[in-house]
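Both ligands and their constituent atoms are indexed starting at 1 by order of listing. In this text the structure is predicted, and so the values were computed from the model without any measurement.
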Amino acid sequence: MSRQARLVSSTLQYMGTHPQTVLITGANRGLGLGLSRHYLARGRHVLAACRDPEKFPAQAAGASGSLRVLPLDLEDPAFASWLADQVREDGRSLDLVINNAAICKEEALGQWTGSAFTASFVVNAVGPALLVQAIREALTDGAKIIQLSSGLGSIAHIPRSPDVYTSYAMSKAALNMLTARLAVELADRNIVVCAMNPGWVRTDMGGPDAPETVDSAVEKLTSTIERLGPADSGKVLSAEGIPLAW
Ligand code: NAP
């Protein structure tokens, strides 16, 4: 993987000997960047996984935690195994993994394309599955895995009018299923696996009309993540921690 070799990941700042380690995908913008900033500000060691590490804003490293930016393209499964090797070589274990990266294609019935369905499924559902598989041995017993899902992935609450998000909705329904299955797979290690709907948030994906800022969504998500325990594993939750029908 020449791209990975070229993008020598940078350890920008280390403080403390054993800070909790957090892996966040899609860390360079939107909620992923907000989550990275949040955990850096609280002294965690953040593994910021980005499709293009050069897009991770350098100023985000100016917080009290330590940061390593790593390349991860969820369309290429080789990145997940490479990332797992890096975590192993660093001798780190992962306390929190946030599968945040996603794509959202807009196509109305009549314009549906196989490529939009396939790409959405690969990035939003298959990617997180293969990433967790690759890093599972690096997870601390009692670790937490958070899958950023969406209300659109709910079969219990299908929108009442047609919309353009069918491929995205299908991929998030699959991510919810992955969550339920991983919760069972990892229960013997007390690993908590939850899907969370962040709400409608002002990011590139959410658009300018979204009512929620990244900071307020991150505040809600992270305080809920802090409270999660084994009894929550397998659930789909709102940002505030309320179980959602899916
Ligand atoms: P965003 O602003 O569009 O950011 C998406 C992130 O995913 C970017 O960092 C992007 O990297 C990364 N990404 C896309 N394709 C990738 C790939 N193949 N490999 C690795 N990374 C990839 O999205 P957001 O609004 O922050 O959303 C974050 C999460 O919340 C997503 O799971 C989304 O479905 C969920 N969510 C968001 C909202 C909302 O209103 N914003 C609502 C419900 C759910 P590049 O910069 O390289 O493209």
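Counting only heavy atoms from C-beta outward, the side chains of Arg37 and Gln59 approach each other to under 4.5 Å. With a 4.5 Å cut-off on side-chain heavy atoms, Leu148 and Asn100 count as touching. Looking at Thr179 and Val236, their side chains never come closer than 4.5 Å, going by heavy atoms from C-beta outward. Side-chain contact between Leu70 and Phe79 is absent, with no heavy atoms from C-beta onward closer than 4.5 Å. Side-chain contact between Leu33 and Pro57: present, with at least one pair of heavy atoms (C-beta onward) separated by less than 4.5 Å. Proximity of Asp163 to Leu152: side-chain heavy atoms (C-beta onward) are separated by under 4.5 Å at one or more points. For the pair Leu72/Leu131, a side-chain contact is recorded, criterion being any heavy-atom separation below 4.5 Å from C-beta on.
Of the N or O atoms in Ala101, none lie within a sub-3.5 Å distance of an N or O in ligand 1. By the 3.5 Å distance cut-off applied to N or O atoms, Asn197 is not counted among the residues near ligand 1. Polar contact check, Lys172 against ligand 1: a nitrogen or oxygen pair lies under 3.5 Å apart. Remark: ligand 1 and Trp200 share no N or O pair separated by less than 3.5 Å (distance only, no angle test). The distance criterion of under 3.5 Å between nitrogen or oxygen atoms is met by Thr203 with respect to ligand 1. Looking at Ile103 next to ligand 1, no N or O pair under 3.5 Å apart turns up.
Interface of Gly30 with ligand 1, defined as ligand atoms under 4.0 Å from a residue heavy atom, comprises 2 (O), 26 (O). Atoms of ligand 1 found under 4.0 Å from any heavy atom of Leu148 (numbered from 1 in listed order, with element): 29 (C), 30 (O), 32 (O). Each of the following atoms of ligand 1 lies closer than 4.0 Å to a heavy atom of Glu75: 18 (N).
Residue Gly199 places a heavy atom under 4.0 Å from ligand 1. Within the structure, the closest approach of Tyr168 to ligand 1 falls below 4.0 Å when heavy atoms are considered.
In this structure, Glu185 does not pair ionically with Arg136, as no charged nitrogen and carboxylate oxygen lie closer than 4.0 Å. Taking a cutoff of 4.0 Å between a charged side-chain nitrogen and a carboxylate oxygen, Arg44 and Asp95 do not qualify as a salt bridge.
Counting heavy atoms under 4.0 Å from ligand 1, residue Val123 touches it through the side chain alone. When non-hydrogen atoms are compared, ligand 1 lies under 4.0 Å from the side chain of Pro198 (C-beta onward) but not from its backbone. Proximity of Ser149 to ligand 1, defined as any heavy-atom pair under 4.0 Å, is confined to the backbone N, CA, C and O atoms. Of all the heavy atoms of Leu72, the ones lying under 4.0 Å from any atom of ligand 1 belong exclusively to the backbone.
Residue, atom and distance of the protein heavy atom nearest to atom 26 (O) of ligand 1 are Leu31 N, 2.8 Å. Among all protein heavy atoms, the one lying closest to atom 1 (P) of ligand 1 is Arg29 NH1, 3.6 Å. The protein heavy-atom contact nearest to atom 19 (N) of ligand 1 is Leu74 N, 2.9 Å. In this structure, atom 48 (O) of ligand 1 lies nearest to the protein heavy atom Arg51 NH2, 2.5 Å. Residue, atom and distance of the protein heavy atom nearest to atom 5 (C) of ligand 1 are Ala102 O, 3.7 Å. Looking at atom 18 (N) of ligand 1, its nearest protein heavy atom turns out to be Asp73 OD1, 3.0 Å. What sits closest to atom 31 (C) of ligand 1 on the protein, heavy atoms only, is Asn100 O, 3.0 Å. Among all protein heavy atoms, the one lying closest to atom 40 (O) of ligand 1 is Val201 N, 2.7 Å.
Gln20 contributes no side-chain N or O that, together with a main-chain N or O of Leu96, makes up a donor-acceptor pair within less than 3.5 Å. Between the side chain of Arg202 and the main chain of Pro211, a donor-acceptor pair closer than 3.5 Å is present.
Within 6.0 Å of CD in Glu240 there are more than 12 heavy atoms belonging to other residues, nucleotides or ligands.
In this model, no donor atom of one side chain and acceptor atom of the other lie less than 3.5 Å apart for Gln147 and Ser149.
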